[in-house]
Amino acid sequence: MTDATLKDTAVRRRINRPAIPVSVALAVTWIAAMLVIAALADKIAPYGFTQLDLRNRLAAPGNVAHWLGTDELGRDVLSRLLVSIRISLLIAFGATAISAVAGTMLGFLAAHFRGLVEQIVLMLSDFQASMPFLIMALAVLAFFGNSLPLLIGLMGLFGWERYARIARGLAISANAQGYAAAVRQLGATPSRIYLRHILPNIASTLIVSTTLVFPEVILLESGLSFLGLGVQPPMTSLGNMVGYGREYLTRAAWIMLAPATTIVVTTLAVSIIGDWLRDKLDPTLQ
């Protein structure tokens with residue numbers, strides 16, 4: 001093969017290499033911006049999120065002092081929005097991490113022990129899938145009260161059965177393959193087999209599942225806060241702002257539109273990234 005042929009092949013590979021779609025690039029940019037805002041909310045917020053400005057109550061957006069307007073108490077909507085993004089993302093990331101870790105570990109336990117342990121894990125998964133989670137969350141929060149750690153822990157129970165089923169099925173398949181059996185014959189412990197060898201091989205599927213659960217957690221937290229059982233005042237979240245703004249929808253729609261738009265765009269961005277990752281990581285589509 002000549003040098004010219006090699007150069008021509010390299011050029012064709014560059015041309016045929018699929019670029020990141022515009023929608024995915026915009027979604028990644030939006031999520032990155034949300035993370036930066038969440039990390040720097042206190043520093044970039046023009047006012048304290050509980051600071052009152054009674055002279056500018058229900059000020060419309062475009063005001064020099066309040067870009068996104070104010071609410072009934074004169075609180076700056078932009079400052080509250082920035083802090084709400086941080087709280088909502090904290091809940092969503094914390095709950096998703098708890099759900100992923102717990103579900104994956106239970107799936108590995110079911111695949112390793114089989115028998116009675118497997119039946120118990122599958123039974124719990126069926127119970128979780130059949131139980132309306134919103135109703136269970138409403139009951140727990142109404143009985144035990146509201147606190148941020150409790151809310152994150154409760155949200156962490158959402159979606160774990162998906163990870164458990166995926167991890168169990170893929171772990172059973174991996175155990176039947178040669179590499180897991182070879183490592184086991186070398187004397188590796190079960191924890192090393194599952195965490196160092198099986199988990200990296202199934203991580204792509206779990207990551208895609210995470211991008212599906214994450215937006216659902218955001219919407220669930222927003223729904224609970226909208227009903228008054230999520231984040232409690234004086235703390236604020238996106239759902240909390242939407243719930244407060246519904247009372248002023250006809251007089252001051254901007255109070256609700258700003259957090260509602262943020263919820264919609266954020267969940268849409270995560271879903272777009274998840275669909276793209278699913279296609280990229282699927283070997284049958286390569």
Check whether any side-chain N or O of [X] sits under 3.5 Å from a backbone N or O of [Y] as a donor-acceptor pair, and report yes or no.
X    : Y    : answer
T211 : V208 : yes
S99  : A95  : no
T70  : A59  : yes
E118 : R168 : no
T267 : I263 : yes
S209 : T205 : no
S88  : S237 : no
E221 : L219 : no

Q. Is R86 positioned over the aromatic face of F49, cation under 6.0 angstrom from the ring centre and no more than 45 degrees off axis?
A.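 Judged by the rule, R86 and F49 form no cation-pi pair.
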
**Q.** Residue pair S79, Q51: steps toward the side-chain hydrogen bond (donor to acceptor under 3.5 Å, both in side chains) verdict
**A.** CA-CA 9 Å; S79 300; Q51 183 177 341; over 6 Å; no

Q. In terms of the angle between their ring planes, are Y194 and F108 parallel, tilted or perpendicular, with boundaries placed at 30° and 60°?
A.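 Y194 and F108: tilted rings.
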
Q | R57 side chain reached by L52 side chain, heavy atoms, under 4.5 Å | A |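 They are not in contact (no side-chain heavy atoms under 4.5 Å apart), so the answer is no.
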
Q) Do R114 and I172 have side chains that get closer than 4.5 Å, going by heavy atoms? A)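 Side chain of R114 against side chain of I172, heavy atoms only: contact under 4.5 Å found.
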
